[in-house]
Amino acid sequence: MVSARRGATTGTALAALLLVTVGCGPVADRQPKDLRVGYDSLDGTLAVWPPRGSLARDAAATAGITEAVRDWRSPVDDRVHVPSSGILFSGQVAGSALALVAADVPGEAASWLLQLDRDGQRWRVAHATEYTDPGYLVYSDVLPVRQPEGRRYLTSARVERLLGPDGRVLGGADGVTEPVAVPACRAVELTATLRPTPSLPRGRAADRVLDLGTATEAPRYPLVRDESGAGKRALAGLDTCALAGERGPFGSLPRRLGDREAPRSAPESWPMAKIATRSLGEVALGGGEPGDLEQLSWETATGTMTAVVYRPAGGGTPVVSPADRSTTLQAYHLPVPGQPLAVLTWRTRDASFAAPPGTTRLVDRPGLVVVEQTDAKQTFSLAGTEKTWYRSLSAPR
């Protein structure tokens with residue numbers, strides 16, 4: 001099983017077309033009930049995820065890792081489908097046993113990266129992160145490794161070199177890099193050079209990914225594709241822990257599975273790719289000097305999300321709104337200290353905006369209105385030539 005990646009998040013789009021699976025695992029003595037070691041995906045004749053690590057051919061280690069993965073359950077109690085999952089690395093790192101498993105969880109239609117350690121002779125899942133696009137992990141080329149001494153990364157066989165946040169080449173062994181100094185709550189960029197393959201005949205000089213910081217809490221996956229570099233610019237100076245909070249853009253929309261909320265799963269607003277920003281202009285909010293108001297956008301598993309970011313003059317702490325699904329009339333609660341605001345934006349031309357009677361418009365420009373948010377529910381409308389859009393905002397809790 002290899003799932004096709006969504007077009008919106010494909011970093012090496014043609015690679016997905018040429019990746020194939022073969023019927024048997026690459027390790028001798030692997031029992032049918034055991035996880036495969038490596039992953040049976042090819043780019044031409046290149047094994048993208050070959051067996052890695054000093055324990056890759058250790059049948060007892062493979063059996064122990066399989067047992068731990070089989071016993072693991074996702075936050076909504078779904079289990080791993082062992083035949084379509086694989087051990088990407090198993091060995092010693094910095095004197096400790098480490099295993100990384102690309103786990104397919106069909107009940108959630110998600111890919112999980114399970115990180116295991118060993119307590120005595122028993123393997124256990126120590127950390128688990130979810131990527132809500134099935135098959136993503138085996139199509140990616142850089143995966144995060146959580147370590148006490150700092151972040152490490154596991155790279156695929158397509159990666160010729162990986163540059164860290166400081167632009168230096170990261171050394172390593174068996175595909176695992178040396179420790180990398182990644183801040184807790186700041187986004188940093190990694191850049192991989194991909195070798196020529198049938199899917200990328202010329203290779204790729206700069207395959208970019210953002211790490212949202214070491215404080216990213218499980219099961220949120222910390223790496224976001226950043227093909228154009230727009231994400232690095234958009235997140236400059238922003239606290240990714242605040243972005244990931246319950247009222248922040250990336251963490252504010254809980255995941256729903258069917259008719260139930262899944263608060264322990266990755267939020268529905270968690271970013272996958274294409275983080276970008278556009279300026280809404282200078283505005284004076286909160287009684288200070290004019291600052292920059294921006295609209296942040298990003299791709300998730302369920303479509304495009306947006307939010308607004310206010311960067312006060314003089315380098316003050318930015319203020320961010322919760323996420324709003326991309327639609328014609330966008331409505332945001334912006335919690336400016338001492339002056340909670342409602343921000344409305346649109347890009348439709350020849351449209352007439354209306355606010356509740358008596359509303360004071362602090363900013364009123366084509367495509368942008370900012371009003372004070374009251375304790376009562378406020379309903380706004382945007383009338384086009386053939387359709388009217390309505391949005392309501394309730395008082396913030």
Side-chain angles (χ1 to χ4, degrees), residues 2 12 15 19-22 24-31 34-69 80 82 84-104 111-118 123-129 131 135-147 149-162 164 169-180 190 192-195 197 207 209 221 223:
V2 176
T12 53
L19 288 172
V20 299
T21 59
V22 295
C24 59
V27 178
D29 301 324
R30 180 171 72 86
Q31 300 300 312
D34 287 343
L35 286 161
R36 72 189 76 186
V37 183
Y39 201 92
D40 299 333
S41 54
L42 302 174
D43 190 344
T45 60
L46 177 69
V48 179
W49 291 107
R52 300 276 189 80
S54 59
L55 298 175
R57 299 188 179 274
D58 186 315
T62 299
I65 294 165
T66 301
E67 180 182 4
V69 169
V80 172
V82 170
S84 54
S85 302
I87 302 172
L88 305 183
F89 178 91
S90 54
Q92 296 287 326
V93 173
S96 299
L98 169 72
L100 296 168
V101 174
D104 176 30
S111 296
W112 285 78
L113 182 64
L114 305 184
Q115 181 171 324
L116 295 87
D117 60 21
R118 193 166 59 187
W123 288 88
R124 62 182 181 181
V125 176
H127 192 68
T129 51
Y131 200 91
Y136 169 82
L137 295 178
V138 294
Y139 287 125
S140 183
D141 290 295
V142 180
L143 302 177
V145 181
R146 186 184 181 108
Q147 293 273 276
E149 71 272 20
R151 182 82 81 199
R152 295 178 188 259
Y153 301 95
L154 178 68
T155 60
S156 81
R158 280 195 294 249
V159 176
E160 283 190 330
R161 67 174 187 172
L162 181 67
V169 176
L170 299 178
D174 277 334
V176 177
T177 71
E178 62 193 3
V180 182
L190 307 163
T193 300
L194 305 183
R195 62 173 37 90
T197 63
D207 196 53
V209 65
Y221 188 79
L223 302 189

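In this structure a side-chain-to-backbone donor-acceptor pair under 3.5 Å is missing from Ser41 to Val48. Side-chain atoms of Gln115 come within 3.5 Å of backbone N or O of Arg146 as a donor-acceptor pair. A donor-acceptor contact shorter than 3.5 Å is absent between the side chain of Ser90 and the backbone of Ala99. A donor-acceptor distance shorter than 3.5 angstrom exists from the side chain of Arg52 to the backbone of Thr155, with no hydrogens or angles considered. No donor-acceptor pair under 3.5 Å is formed between the side chain of Arg57 and the backbone N or O of Val37. For Tyr39 (side chain) and Val101 (main-chain N/O), no donor-acceptor pair under 3.5 Å exists by modelled atom type.
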- Message: Walk me through whether Arg158 and Asp207 qualify under side chain to side chain contact (heavy atoms under 4.5 Å, CB included).
- Response: CA-CA 11 Å; Arg158 280 195 294 249; Asp207 196 53; over 6 Å; no

- Task: Check the pair Leu100 / Leu143 against side chain to side chain contact (heavy atoms under 4.5 Å, CB included), numbers first and verdict last.
- Result: CA-CA 9 Å; Leu100 296 168; Leu143 302 177; 6.0 Å; no

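In this structure, His127 NE2 and Leu113 CG are separated by 8.0 Å, a value rounded to the nearest 0.5 Å. Here CG of Asp43 is found 3.5 Å from OG1 of Thr197. Values are rounded to the nearest 0.5 Å. Distance CG/Leu114 to OG1/Thr129: 8.0 Å, rounded to 0.5 Å. Put simply, CG on Leu162 and CG on Asp141 are 10.0 Å apart, with the number rounded to the nearest 0.5 Å.
Minimum interatomic distance between Ala102 and Leu88 (heavy atoms only, all atoms of both residues): CB-CD1, 3.9 Å. Among all heavy-atom pairs drawn from Val142 and Tyr221, the shortest one is O-OH, 3.9 Å. Here the shortest heavy-atom pairing between Ala56 and Thr62 reads O-OG1, 4.3 Å. Heavy atoms only, all atoms of each residue included: Ser85 and Arg36 are closest at O-NE, 3.2 Å. The two residues Trp49 and Leu137 make their nearest non-hydrogen contact at NE1-O, 3.7 Å. Contact record, Ser156 with Ser140: CB-O, 4.2 Å, taken as the closest heavy-atom pair.
Atom CZ of Arg161 has 12 or fewer heavy atoms from other residues, nucleotides or ligands within 6.0 Å.
The side-chain hydrogen bond (donor to acceptor under 3.5 Å, both in side chains) check on Ser54 picks up nothing, with sequence neighbours excluded. Qualifying side-chain contact (heavy atoms from CB on, under 4.5 Å) partners for Val93, counting only residues two or more places apart in sequence or in other chains: Phe89, Leu98, Gln147, Arg152, Val176.
A side-chain contact (heavy atoms from CB on, under 4.5 Å) with Ile65 is found for one member of Asp58, Leu55, Leu116 and no other, namely Leu116.
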